[in-house]
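The residues of the chain are indexed from 1 along the displayed sequence. Just so we're clear, the structure is a prediction, and the values are computed from it rather than from any experiment. The analysis underlying the following values was restricted to heavy atoms, covering all of them including side chains, and did not include hydrogens, waters or symmetry mates.
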Amino acid sequence: MSACTPTRPSDPTPTRRAHPPHSPPPAPRRRFRVAGEDVSASIAVFLIALPLSLGIALATGAPLQAGLVAAAVGGLVAGRLGGSALQVSGPAAGLTVVTADLIQRYGWRTTCAITVLAGLAQLGLGCLRVARTALAVSPAIVHGMLAGIGVTIAVAQLHIVLGGSPQSSVLDNVRALPAQLAHLHPAAVAVSALTLALLLLWPRLPGPAGRLLRKVPAPLVAVAGATATASLTGLTLPKVELPSWRSHALAGMPEGPALGLVAAVLTITLVCSVQSLLGAVAVDKLVASRPGPAVRVHRSDLDRELLGQGAANIVSGALGGLPVAGVAVRSTANVNSGAVSRNSTMLHGVLVVVAALLMVPVLELIPLASLAALVMAVGIQMVSLHHIRTVTRHREVLVYAATTLGVVILGVLQGVALGIAVAVATALHRLTRTRITHDEQEGVHHVRVRGQLTFLAVPRLSRALHLVPHGAHAVVELDGSFMDHAAYESLQDWQKTHTAQGGTAEFTGRRGGLSLTPGDQVDASGVTEVTGPAKVAGPAGLSAATGCRCRPWTPWRNHQCERPPTTPESAPPATADAGAGAAPDAGATLGAGTGTGTGTGTHPDGFRDGRPATTPAPGRGGHRLARGISAFQRNTAPLVRGELARLAREGQRPSQLFLTCADSRLVTSMITSSGPGDLFVVRNVGNLVPLPGAESGDDSVAAAIEYAVEVLQVRSITVCGHSGCGAMQALLGSEPGGAQTPLRRWLRHGRPSLERMADGSRPWTRLAGRQPADAVEQLCLTNVVQQLEHLRAHESVARALAAGALELHGMYFHVGEAQAYLLTGAEEDQVFDHVREEDDVAV
């Protein structure tokens, strides 16, 4: 049987094929089709956007129609031209303070002209392809800016909630607040309180009925409930007034001092661009973490997103609309509602146009106090406690506070500039502030370095190192992520001198497991790669390496660094020891073929691996095991000890059961980026799941499944196959009869996969974008699907699936490509699609 020919029975009826196996698929017919998910998502976004757009227009002091214009343009123009398929653009709360200040200073028509100029500036930046430089802005500055804007919005709208009118600045609003509290407007307060109550309580409705009702957006319910109450009770309140579209003001020529206009354009450009780009990155993360079957949505093109936002601002400003930017609330609703393409964003824009033209009588029933309460709640939410905890943990609370206060007191552009200045000063302070201490404990001298090691700290470092007596054992703890060349040379010179005088030196800390050796280099950024401890005593008399420079997850052979071969003329080499997750030095000798190393060298002094050359070396497996354990205890254990201690106290709570092959090339923690306590792993030959009660069954697999589902209560089970599976090769080459060895008896559980592949009535499981390389790969893919069916036959799995408490996933890992594929599609179209890389930028 040919290895490249799938096993298929002779059947006169050919299996359906969309196209020949080695030909590209025919081009699909181009036709406009809107997915049902996009339609439902667009309605959900529209119901949120309508009241928010009116509320933001009210908060800025612009004509209320300007908010609807911006929402429609953001959906249609930015949605069609932008680089983020699922981000929804429109009038954003982050622009409220800026726009309100511009309207008060220059008037509405000039503000529209400034919006047009800001759009042109965004187009220029997009053409220069500098979008990603906006992501270099510290998140503390961005969150501080949004928090300052949120405080400004909340304080201003509080006056409308109480029945009054806001002042021109935050300080004026705060000073006027006591007088406003003394003259409350009961009707406005009642409507505002009802709006806030509905906004707060609606997402928390309990029970099945609440789950159904929560599908209606809370902002719509809050505004609609307050409007209906005000109309039914006959409350006398200021309401929305939408003037005729015939009298709608468009953009005019900018009037005012040139310097002020330039500053205004830069401010609008900065705030719109940064908010939109960070929002696009956040949307990518939301899409990647969205539960359910994976739908392919392209990652955001940030330069194109900047061009789309610029075009939207040009159109919005020219038509008399507010500035446009990506809006987090609407984008989140769009993703969570299941949108799969940019059609949902554009449809939401169409619905806004329809509402602006046909729903004017209904919109004019909305009390202004209700819209003010809605916008005030949005402003309060912009001061995120999660962001405050994050910047506090990263010691950037000073930057956050300075930016927030600067925006509140001085303005957005001035506040951001103040935040940048404080961030730079803080970075310089951290770079120059290094604590170096020395103490002695039980005869061991500890030199601790806290902070970054630069030339400014070299004098203090030298003083501390020279306190270590000659011949003593020293431990240098480097608790920092940066070391310049001057500090590196100082440490290296001291190490050479200290070891020459009979002492020993060990380097630990964040750079732990790394040593200073003459072969170490300084990279282009000036950061020294310190690579291995100078000397560390290991178990079983193993000495640590000083000549192996390893980095995690780069090419390696059995996770070990081999000793380079030596000649009598060469200098005596240092012994080489590898850290966990290490890779061999370029000079290491590697074994070939089977993956076993052959780099054992003989020293010029007649010793091999520390023993006389005439003495047989112990088993390499035991040697490697001891070296690996030694490296773990020295390098990795100090980093994970705290987490493992927590797991020891609390017990394991894995989120998923991962059932995969016993193949040594499958490192589950590496493939899934998981750590201790994340995965409950079951490995066997061929990643097989025996059917319950099957002949020659294996209760160990069934027991692991039952324990994971019923005791650990995992939320998902993944069956992972891989390329080049030896079990599948053996299954394909198996012949009937013969001795029933344990391996043959076990592989009987894979025969249903073989039968499934040979069944002409079933479509073949395939990889997205290409045909299987050969019959073995086809069987590996088919086997994953078949084992998922076996899983469903287990009683505990069936119960959990029926209750909606468990998900099943199929996965295929191509070893040679280091590429993971996830099973998508329905029963009639089983496809393994790529898992895309995502940006690692947090918002």
Side-chain angles (χ1 to χ4, degrees), residues 56 59-61 92-106 111 114 118 133-158 166-177 259-279 323 325 328 375-376 378-430 843:
I56 291 171
T60 60
L95 295 163
T96 302
V97 176
V98 180
T99 310
D101 182 61
L102 294 180
I103 293 173
Q104 188 177 19
R105 187 176 300 180
Y106 299 111
T111 300
I114 291 172
T133 59
L135 302 180
V137 179
S138 169
I141 296 175
V142 176
H143 298 319
M145 177 190 73
L146 296 177
I149 292 172
V151 171
T152 305
I153 292 172
V155 173
Q157 297 308 298
L158 180 58
Q167 305 298 316
S168 58
S169 69
V170 178
L171 297 180
D172 290 340
N173 281 320
V174 172
R175 282 192 290 264
L177 195 56
L259 188 60
L261 293 175
V262 170
V265 171
L266 290 177
T267 304
I268 293 289
T269 304
L270 171 68
V271 177
C272 286
S273 301
V274 172
Q275 183 169 341
S276 299
L277 295 175
L278 294 178
V375 177
M376 185 181 73
V378 172
I380 294 173
Q381 290 172 355
M382 291 172 70
V383 186
S384 171
L385 293 178
H386 170 70
H387 292 156
I388 294 175
R389 284 193 294 266
T390 301
V391 298
T392 302
R393 186 169 61 252
H394 293 167
R395 297 184 298 171
E396 291 187 311
V397 68
L398 182 61
V399 178
Y400 179 90
T403 307
T404 302
L405 292 176
V407 169
V408 170
I409 298 174
L410 303 176
V412 174
L413 192 59
Q414 297 89 333
V416 170
L418 178 61
I420 292 174
V422 173
V424 171
T426 302
L428 291 175
H429 175 70
R430 289 177 181 172
V843 179

K.L.:
When rounded to the nearest 0.5 angstrom, what distance separates CD1 in I141 from CE in M145?
P.N.:
10.0 Å

K.L.:
Specify the closest pair of heavy atoms between A325 and A92, including all atoms of both residues, with the distance to one decimal.
P.N.:
CB-CB, 4.3 Å

K.L.:
Roughly how far apart are D101 CG and Q104 CD, rounded to 0.5 Å?
P.N.:
6.5 Å

K.L.:
Output the distance between atom OG1 (T404) and atom CD1 (I388), rounded to the nearest 0.5 Å.
P.N.:
7.5 Å

K.L.:
Can you find a pair of side-chain heavy atoms, one from T390 and one from H386, that are under 4.5 Å apart?
P.N.:
yes

K.L.:
What are the two closest heavy atoms between S273 and T269, and how far apart are they?
P.N.:
OG-O, 2.6 Å

K.L.:
Quick one: pull up CD1 in I56 and CD in Q157 and give me the separation to the nearest 0.5 Å.
P.N.:
10.0 Å

K.L.:
Over all heavy atoms of both residues, which pair between I380 and A154 is shortest? Give the atoms and the distance, please.
P.N.:
CG1-CB, 4.0 Å

K.L.:
Could you give the distance from CE (M376) to CD (Q381), rounded to the nearest 0.5 Å?
P.N.:
11.0 Å

K.L.:
Would you indicate whether L259, at its atom CG, is surrounded by more than 12 heavy atoms from other residues, nucleotides or ligands within a distance under 6.0 Å?
P.N.:
no

K.L.:
Quick one: does any side-chain atom of T403 pair with a main-chain N or O of V416 as donor and acceptor, under 3.5 Å?
P.N.:
no

K.L.:
Ignoring hydrogens, what is the shortest heavy-atom contact between A156 and P166? Give both atom names and the distance.
P.N.:
O-CB, 3.4 Å

K.L.:
Indicate yes or no: at least one non-hydrogen side-chain atom of L102 is less than 4.5 angstrom from one of I268.
P.N.:
yes

K.L.:
Report yes if some heavy atom in the side chain of I153 is under 4.5 Å from a heavy atom in the side chain of V97; otherwise report no.
P.N.:
yes

K.L.:
Heavy atoms, side chains only, cut-off 4.5 Å: are I149 and M382 in contact?
P.N.:
yes

K.L.:
Which pair of non-hydrogen atoms, one from V408 and one from G148, has the smallest distance, and what is that distance?
P.N.:
CG2-O, 3.6 Å

K.L.:
Is there a side-chain contact between Y106 and L261, using heavy atoms and a 4.5 Å cut-off?
P.N.:
yes

K.L.:
Say you draw a straight line from CD of Q275 to CG of L270; how long is it, rounded to the nearest 0.5 Å?
P.N.:
10.5 Å

K.L.:
For a 4.5 angstrom cut-off between non-hydrogen side-chain atoms, does V399 reach V391?
P.N.:
no

K.L.:
Measure across V422 and A402 and return the closest heavy-atom pair with its distance rounded to 0.1 Å.
P.N.:
CG2-CB, 3.7 Å

